[in-house]
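Encoded as structure tokens, the structure appears first; notes follow it.
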Amino acid sequence: TPLTNFSIDYPPTTNFLTLTNGIFNFRSTNIVNFTLFNTIATIPYTSGIVIYGNSSSVYNCNNSINLNGDIVVTTGTLKIGTAANHNLISNGAYIKLNGINAKVEIAGRFTRPSYVAISNFAMSAGTIIINEQGSNDNAPASGTCPAYPFMIDVPGSSFNVTGGTIIIRKSGIGSGGATPTPISNAGYQVINCGKYIFSGGTLQIGDASTPAGQTMSILTDQPIANLVVNPTNSPIAILNGPLTVSNNVTINTGTGLNC
């Protein structure tokens, strides 16, 4: 029988949440700001987290998350990591954003643990910010691609974006594969998807907190809906292959798109 109504002392004890089985659904209408996990956490295959709270609420995870079970954010902000290389590591589960007030902030990368672990990303509205603190770690040794901050590259993965904004704040540094080729300007990579939809929404290079001197590469084998290069501190987007944009390309004054 599901437990549908209970209370948590506020602020809760650090690391108060341990998931073993079932979905933990945050539905408080009150404004809250507390820590779900203080160390590296794993969401099991049989578990998941749903955040449907106040639009001003913040749910903190202070290190990396191993994503074996789904995360769904409808209203509120989920913060993953507090330092560089604190990543959201997808191992076959979904990360979903489906509300205009849904926000996910990842200190490091959205990535996978191996070259056989698929990633599933879906967004109909909201904002996800990648590489807030930066990344200089490598992709897993068995991988074939450099460590892009937003990285979906395993065959069979899925990408379904009909709205919202994917923001790459900082470039990444890393490499991967049996004979790694280092890259220092990694940004966004989506290739090899078994299911791919990018019918609405925007890929944005940089935001108001992007530092100066940032160059971020884009590599995808499918069209994107819209592309924006944000003007703050003049970031540069570089294409690492052909790119099709279905709707609009916005290159703000002082920025650049190198083809």
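Numbering starts at 1 and runs along the sequence shown.
The main-chain N or O of Thr111 is never found under 3.5 Å from a side-chain atom of Asn87 such that the two would form a donor-acceptor pair. Side chain of Asn233 to main chain of Thr210: a donor-acceptor pair is present (N/O by atom type, distance under 3.5 Å, no hydrogens or angles).
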| Which is it for Phe121 and Ile128 under the side-chain contact (heavy atoms from CB on, under 4.5 Å) test, yes or no, and what are the steps along the way? | CA-CA 11 Å; Phe121 179 80; Ile128 183 167; 3.8 Å; yes
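Cluster partners of Val72 are Ile23, Val50, counting Ile, Leu, Val, Met, Phe, Trp and Tyr whose side-chain heavy atoms approach within less than 4.5 Å, directly or via other members. The hydrophobic cluster containing Ile129, built from Ile/Leu/Val/Met/Phe/Trp/Tyr side-chain heavy atoms closer than 4.5 Å, also comprises Ile167.
By the 4.5 Å heavy-atom criterion applied to side chains, Leu67 and Ile95 are counted as neighbours. In this structure, Asn63 and Phe37 have side chains that are not in contact, with every pair of non-hydrogen atoms separated by 4.5 Å or more. The shortest distance between side-chain heavy atoms of Cys193 and Ile152 falls below 4.5 Å.
For the residue pair Asp207 and Asn230, no side-chain donor N or O sits within less than 3.5 Å of a side-chain acceptor on the partner. Asn60 and Asn33 form a side-chain donor-acceptor contact under 3.5 Å, judged by distance and modelled atom types alone. Under the 3.5 Å distance criterion, with hydrogens and angles disregarded, no donor-acceptor pair is assigned to the side chains of Ser55 and Asn101. Residues Gln204 and Thr165 have side chains that never bring a donor and an acceptor to within less than 3.5 angstrom of each other.
Nearest heavy atoms, Pro231 versus Thr255: CA-CG2, 3.7 Å. Annotation for Arg169 and Pro211: closest pair O-CD, 4.4 Å, computed over non-hydrogen atoms. Of all non-hydrogen atoms in Asp153 and Gln189, the two that sit nearest each other are CB-NE2, 3.5 Å. For Phe110 against Ser90, the heavy-atom pair with the smallest separation is CE1-CB, 3.9 Å. Closest heavy-atom contact between Pro149 and Gly172: CG-N, 3.7 Å.
Using cut-offs of 30° and 60° on the angle between ring planes, the pair Phe159 and Tyr196 is parallel. Between Phe26 and Tyr59, the ring planes are tilted. Angles from 30° to 60° get that label.
More than 12 heavy atoms of other shown residues, nucleotides or ligands fall within 6.0 angstrom of atom CD1 in Ile251.
The OG atom of Ser158 lies 6.5 Å from the CD1 atom of Ile118; values are rounded to the nearest 0.5 Å.
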